[in-house]
2 protein chains.
Amino acid sequence: MANSASGESIIRRFIRIISAFDDKHTSMSVAELSRRTGLPVTTTYRLVDELLLERLLERDSNGNIELGTRMWELASRGSKTQGLREAALPFMEDVQSVVQHSTTLGVLDSDEVLYIERLGSTSTIMDITKVAGRLPVHATSSGMVLLANSPSAYQDMILSRPLTKYTETTLTDPAALRRHLAEVRQRGFAAMPGVIVPESSGIAVPVYGPDNTVVAALSVVVPRDEENAAARVPLLMAAARGISRALGWRAKLKGTLRQSH
Amino acid sequence: MANSASGESIIRRFIRIISAFDDKHTSMSVAELSRRTGLPVTTTYRLVDELLLERLLERDSNGNIELGTRMWELASRGSKTQGLREAALPFMEDVQSVVQHSTTLGVLDSDEVLYIERLGSTSTIMDITKVAGRLPVHATSSGMVLLANSPSAYQDMILSRPLTKYTETTLTDPAALRRHLAEVRQRGFAAMPGVIVPESSGIAVPVYGPDNTVVAALSVVVPRDEENAAARVPLLMAAARGISRALGWRAKLKGTLRQSH
DNA sequence: CCCGGATTCCCACTCAATGGTAATCCTGCT
DNA sequence: AGCAGGATTACCATTGAGTGGGAATCCGGG
């Protein structure tokens with residue numbers, strides 16, 4: 001053996017380690033960490049020791065390992081996500097104060113929607129989004145909005161892979177999805193009843209960045225039986241516009257309202 | 001030369017790299033990164049390449065390097081900070097809706113206050129707190145609350161180092177600070193007029209965790225000239241109690257109300 | 001006292017990581 | 001077009017940081 005029998009770099013192993021933590025596993029023993037990551041026991045101990053030293057990991061009161069506050073700090077303070085989040089939060093509060101269910105802000109990351117902020121009670125069965133949580137593009141209103149405003153190569157990539165059918169109403173047929181995307185692009189919002197959880201509906205609108213591309217989706221989740229959920233669209237649009245403006249976007253002067261590519 | 005002439009581990013260098021990014025420097029060229037981190041050019045390129053591959057770093061539209069969304073995601077989803085933040089947010093919104101200036105949630109990290117959430121407009125000169133930003137313990141109301149509820153060894157450590165005097169009213173004398181801490185402990189809140197910025201006042205109260213220790217400080221910043229800022233204390237206390245309860249804290253049954261160290 | 005798992009200690013091996021030097025690619029300026 | 005200055009990529013000889021199996025030790029519960 002030598003530097004990593006498996007040929008893995010330290011960075012990759014570091015990622016394995018921090019990836020072992022999620023909202024369901026916020027702390028664990030080193031041995032368990034070794035098991036979860038699949039790294040050799042000794043190696044795990046050595047690496048963890050160093051990460052503890054650097055405060056990227058910490059020990060809790062039981063001696064278990066958890067992600068260090070410093071880790072969060074370093075990752076947060078310089079990230080573009082932070083700017084987006086801060087710009088959006090006030091407007092999200094406004095929306096939340098009216099809609100009362102849950103309001104989320106999502107971005108596209110690799111092939112999924114990553115939620116970077118969320119307001120509303122956490123306990124609802126109705127809404128499974130979490131901050132720093134992911135959901136598939138094709139089964140969320142946020143995903144549809146983001147996909148509808150993505151380059152066609154990206155759309156093709158997403159639509160060409162197997163799409164999970166979560167409920168009766170989940171669209172999984174590429175052609176049907178494309179039609180739906182066209183609609184979303186034209187109307188400027190996505191409304192999807194019960195695509196991932198039968199009893200709820202998602203409504204999402206795009207948020208624009210300075211270069212007039214769509215950078216995020218603002219969305220609310222409401223009970224499916226709620227009448228005219230679409231009545232929420234103007235509210236959402238106004239909020240999204242506010243966020244966009246805070247991000248440096250300027251309304252188009254004149255001409256068509258269709259966004260570039 | 002061999003594995004790091006400077007004897008530095010990859011982890012430490014990785015930290016140097018992500019530390020080079022902050023809210024003022026969200027993206028930069030690799031060469032600049034090399035300069036900022038002090039790492040050899042070649043080494044920086046090699047390391048950055050790998051981090052790009054792992055998506056801990058990303059290239060923006062100009063080809064500059066920025067922190068990757070994945071970095072934020074991994075650091076956020078498993079962190080205890082996240083749980084605290086989520087528990088606190090609804091209550092912070094309530095406070096913010098009444099106080100209107102700015103509401104923050106801070107924790108103690110090494111020898112400073114680290115702010116993990118913040119509501120209110122960002123542009124105020126009055127309030128310099130930022131999410132994932134730090135301020136010194138002795139010059140903030142949050143810091144005083146947290147310090148007042150810390151082990152005395154920690155208090156000694158903080159009070160024994162040189163304390164910056166930001167304004168006329170900043171306390172820098174250890175003895176005076178100790179008296180103030182005793183007051184804070186007894187009253188259950190800290191109110192500090194213009195300790196870091198002359199024209200504003202901070203008011204902070206403790207947030208308790210399940211084991212009845214203080215885990216965070218909830219605070220508002222208001223203009224200093226505002227009459228009876230202390231009138232805000234009950235509001236803050238009620239909110240802090242709500243957060244504490246959401247974290248699993250149960251009110252003491254009976255007996256003294258003094259909290260254990 | 002015993003048992004099983006977690007943790008720490010030990011150590012010989014070796015290739016991943018290193019960082020100079022030099023070539024190449026840009027980009028703006030003349 | 002040609003030039004200047006910086007950013008980026010390519011090359012490569014060198015070596016100690018990283019590795020991981022194994023054994024000893026610690027610890028908590030029954």
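Every heavy atom of this structure was used, including side-chain atoms; hydrogens, water molecules and symmetry mates were not. On a predicted model such as this, the values are computed, not experimentally measured, just so you know. So you know, we letter chains A, B, ... as the sequences are listed, proteins then strands, and number each from 1.
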Counting only side-chain nitrogens and oxygens, does T43(A) get under 4.0 Å of the OP1 or OP2 atom of dT19(D)? no
Can you tell me which nucleotide in dT8(D), dT19(D), dA17(C) comes closest to the side chain of R46(A)? dT19(D)
Does H138(A) form a side-chain contact (heavy atoms from CB on, under 4.5 Å) with L147(A)? I'd like the steps, not just the answer. CA-CA 8 Å; H138(A) 74 285; L147(A) 192 58; 5.9 Å; no
Taking the side chain of S29(A) as its heavy atoms from C-beta onward, which of dG21(D), dT8(D), dT7(C) lies nearest to it? dT7(C)
Electrostatic pair R134(B):E73(A) at N-O distance under 4.0 angstrom: yes
Does E8(B) pair with R16(B) as a salt bridge, N-O distance under 4.0 Å? yes
In plain terms, say whether D23(B) and K130(B) are close enough for a salt bridge, that is, a side-chain N and a carboxylate O under 4.0 Å apart. yes
Judged by modelled atom types alone, do T104(A) and E117(A) share a side-chain donor-acceptor pair under 3.5 Å? no
Rounded to the nearest Å, what distance is computed from the CZ atom of residue R59(A) to the P atom of nucleotide dA6(C)? 14 Å
If each of E32(A) and P40(B) is mapped to the nucleotide of DNA chain C with the nearest heavy atom, which maps nearer the 5' terminus, i.e. the 5' end? E32(A)
Among dA6(C), dA7(D), dT18(C), find the nucleotide with the atom closest to the side chain of R13(B). dT18(C)
Could you tell me whether D60(A) and K80(B) make a salt bridge, using a distance below 4.0 angstrom between a side-chain N and a carboxylate O? no
Taking only side-chain nitrogens and oxygens of R12(B), does any of them come within less than 4.0 Å of OP1 or OP2 of dA17(C)? no
The contact string for nucleotides 22-30 of chain D, one letter per nucleotide 5' to 3', using protein heavy atoms under 4.0 Å with B, S and - for base, sugar-phosphate only and none, comes out as B--------
